[in-house]
Student: 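Pasting a structure here, questions to come.
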Amino acid sequence: MTTAVKELDPDLVGRQLPGDLTTITRHQSAITDNALHAASDPDAAAHAHSIWFLIIALRGMGISVDELCALADKRDTDTLLFGRCGIDQIQPLAVGHTYRTTASIDSTARRTTRDGSILDSLTVTVTLFDTSAPDEAVGAVTSVYLFKRGQN
């Protein structure tokens, strides 16, 4: 049985994370395309593979995953899991462009699993803006990070 674990800080909900700037260089895009066995269509070279939404979302929180874990009071006995991810792609990402991100913690939750473990979740949304059109979002990524609380 899991020992008492303090609740997630309710003040986390609505917290703005620092955000970041990321440029998709032609070199990084080519490496990604090669690793994903993406088609090498010359017309597609102007657009980055959609996996870049996830890459920018991780970089674009403006904090590391370890720092996110610290916000969730993750202990050595806890396990971090990636719950789910939703991508709202408004327009394709362009190779050579720089993207500014805003990021926030949207919600926290706690539930007890069938085996009696405590599972806390933290939902983070990262919104992407092309710096060449800074007022129009090109997409957003909403990720749910799960913290399976272990025994002390």
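Heads up: numbering here begins at 1 and tracks the sequence.
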Student: The test is side chain to side chain contact (heavy atoms under 4.5 Å, CB included); show your working for Glu67 and Met61 and say whether it passes.
Tutor: CA-CA 10 Å; Glu67 290 168 312; Met61 285 190 297; over 6 Å; no
Student: Thr123: what forms a side-chain contact (heavy atoms from CB on, under 4.5 Å) with it, not counting sequence neighbours?
Tutor: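 Partners of Thr123 by the side-chain contact (heavy atoms from CB on, under 4.5 Å) criterion, ordered by chain and then number, come out as Asp106, Ser107, Thr142, Val144.
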Student: Tell me, with the steps shown, if Ile24 and Leu93 meet side chain to side chain contact (heavy atoms under 4.5 Å, CB included).
Tutor: CA-CA 9 Å; Ile24 304 173; Leu93 300 177; 3.9 Å; yes
Student: Using side-chain contact (heavy atoms from CB on, under 4.5 Å) as the criterion, point out the one residue from Leu21, Asp20, Thr22 that pairs with Arg100.
Tutor: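 Option passing the side-chain contact (heavy atoms from CB on, under 4.5 Å) with Arg100: Leu21.
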Student: Please determine whether a side-chain nitrogen of the Lys or Arg among Lys148 and Asp115 lies less than 4.0 Å from a carboxylate oxygen of the Asp or Glu.
Tutor: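 Judged by the 4.0 Å cut-off on N to carboxylate O distance, Lys148 and Asp115 do form a salt bridge.
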Student: Could you go through Asp130 and Ser132, starting from their C-alpha distance and side-chain angles, then the distance that decides it, and tell me whether this counts as side chain to side chain donor-acceptor pair (under 3.5 Å)?
Tutor: CA-CA 5 Å; Asp130 189 329; Ser132 66; 2.9 Å; yes
Student: Show me the pairs that pass ring-ring contact (aromatic ring centres under 6.0 Å, His included) and involve residues 75-117, at least two apart or across chains.
Tutor: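 Counting only pairs at least two positions apart or across chains, the ring-ring contact (aromatic ring centres under 6.0 Å, His included) contacts touching residues 75-117 are Phe82-Tyr145.
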Student: Same cluster for Phe129 and Ile55 if Ile/Leu/Val/Met/Phe/Trp/Tyr side chains link at under 4.5 Å?
Tutor: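 No; tracing contacts between hydrophobic side chains, which count when under 4.5 Å, never links both residues.
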Student: Quick one: do Leu80 and Asp78 satisfy side chain to side chain contact (heavy atoms under 4.5 Å, CB included)? Show the steps, please.
Tutor: CA-CA 7 Å; Leu80 171 63; Asp78 299 338; over 6 Å; no
Student: Quick one: which of Thr112, Thr79, Leu146 gives a side-chain contact (heavy atoms from CB on, under 4.5 Å) with Leu119?
Tutor: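 Exactly one option meets the side-chain contact (heavy atoms from CB on, under 4.5 Å) with Leu119, and it is Leu146.
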Student: Give the C-alpha distance, both sets of side-chain angles, the deciding distance and a yes or no for side chain to side chain contact (heavy atoms under 4.5 Å, CB included) between Thr25 and Ser29.
Tutor: CA-CA 6 Å; Thr25 67; Ser29 181; over 6 Å; no
Student: Kindly write out the residues that satisfy side-chain contact (heavy atoms from CB on, under 4.5 Å) with Pro18, not counting sequence neighbours, or none if the list is empty.
Tutor: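 Partners of Pro18 under the side-chain contact (heavy atoms from CB on, under 4.5 Å) test: Ile63.
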